[in-house]
Amino acid sequence: MEAKSKMTVLRTRTDGCWEVKTNSWGSFLQPTPDPDATAVITKEQYEGFELLPNTPRIPASLWSRWVNLCIEMMRRGTGDLEVSCRLLRNIEDPSIYRIVVPVQKVTGVAVRVDTFDKSVDIETGEVITQWPPEGWRPCGSSHSHNSMAAFFSGTDDKYELGDPGLHIVVGTIDPNDGTYTLKASVTANKRRFDVDPDDVVDLSTSDTTYHPSVVDVIQLPLGRAPRAFSPTAALQDWTVSTPLPEAKSFGALDPEVSAVRDAVQMLLIHSDARGLDPSKALMELCMEIEELAMENTPVLDDPFYWSSY
C-alpha cells in the first residue's frame, strides 16, 4: 500500500488496481486507474494473434478425409446434416496430426457429443476408447455448417472458448462439386483469434477419403419427409410413414408426456403442410428441455455442442 496524490492505492498481482474509498457509512474498495501506469494497449494489439513461425499444417491427405465426410453428411438422411471431429497432435512430434470422429448425434443445425471416450480414427478406422489416446494431445476441433456460411456461432463460443486450440468451421459446402469455405481460429484465455485457414491447413488437392467405420458412430436424426413435397402428401407421410418413436411409460407423468408428444406431432404435421423445415425449432426445444433436465439431474460430463445458431 502506498500514498499517491492523497489517494490510497492497492496494486494487486492479478486483480488490477484498487482505491480505498470512504463515505458516511464506512470504507470500501473500488477499481481505479493506476496513477503510475504508462503502457497503452491498442485494439489492434488486443485482438491480434501471431502464429508461431513454421506452424505445422494439417496435411492435405488428412484434411481431405474430413472434408469428404462433411460432404457425405450433406447426402445422408434428410440432407444438409452437420458433423464434428476432434484434432490431435503427436506429443513427441507435434507436426503429426490425427483426426478422430467421436460418437455424436447430428441434425441440420447442430451436433451433440456426450463423450470423447468412444471415437473412430478417420484414416485407419481404429476405435479409441481412452481419451486422449496414449501419445496424443488434443489440439482442437472442426465441425461443418453444411450449405450455410462458415462462422463461429454463440454455441460454438460457449464450448470452444474454454477449449484452447485450433477450431475450424467448414461451410458453404456444395456436394455436387466439392467446394466449401473455411473459418479458422485459435482460442486462448477464453478468447478467439481468427487465423488464415491456409496457415493451418494444407488445402492442396487430395483424393483420400474417410474410413467407412466413422459413419457407424454418427447418429442421424429420425427420418422425416423430404423438403420438396405437397402439403397433402406431407400430412400422409407424417401420420403414416414417419410416426414418432414408440412411447415409453413414465408412470404418473404419462398424461403430461403424452400431451407433449402430441404437440410435437402437430408441430411436424403443420410445418410440413406449410412447407417449412421444423429442424431448427425442434433442436431449440430439445436443447431447452435438456437444460431443464440437467438442472435437476447432476451430470459428470458436460456435453459438447456445435451449432449453426
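We're numbering straight along the sequence, starting at 1. The analysis underlying the following values was restricted to heavy atoms, covering all of them including side chains, and did not include hydrogens, waters or symmetry mates.
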Between Trp18 and Thr12, is any pair of side-chain heavy atoms under 4.5 Å apart?
yes

Salt bridge Arg57-Asp198, side-chain N to carboxylate O under 4.0 Å:
no

Val214 side chain reached by Leu69 side chain, heavy atoms, under 4.5 Å:
yes

So that I can tick it off, tell me whether Arg191 and Asp157 are bridged by a salt bridge, with the cut-off set at under 4.0 angstrom between side-chain N and carboxylate O.
no

Checking the side chain of Ser64 only, and the main-chain atoms of Thr208 only, is there a donor and an acceptor separated by less than 3.5 Å?
yes

From the options Val170, Asp156, Val113, select the one residue that forms a side-chain contact (heavy atoms from CB on, under 4.5 Å) with His143.
Asp156

First locate atom CD of Glu72, then atom OG of Ser144, and finally report the distance between them rounded to the nearest 0.5 Å.
12.0 Å

Between the side chains of Thr181 and Thr172, is a donor N or O closer than 3.5 angstrom to an acceptor N or O?
yes

Minimum heavy-atom distance Gly108-Asn146, with the two atoms named:
O-ND2, 3.0 Å

With distance as the sole criterion, is a donor-acceptor pair present between the side chains of Asp177 and Thr179 under 3.5 Å?
yes

Quick one, Ile96 and Trp136 - any side-chain contact, counting heavy atoms below 4.5 Å?
yes

Can a side-chain donor-acceptor contact be found between Trp63 and Ser206 if the only test is distance below 3.5 angstrom?
no

Cut-off 3.5 Å, side chains only: do Thr107 and Glu82 have a donor facing an acceptor?
no

Determine whether the side chains of Ser185 and Arg192 contain a donor N or O and an acceptor N or O closer than 3.5 Å.
yes

Between Asp121 and Arg98, does any side-chain N to carboxylate O distance fall below 4.0 Å?
yes

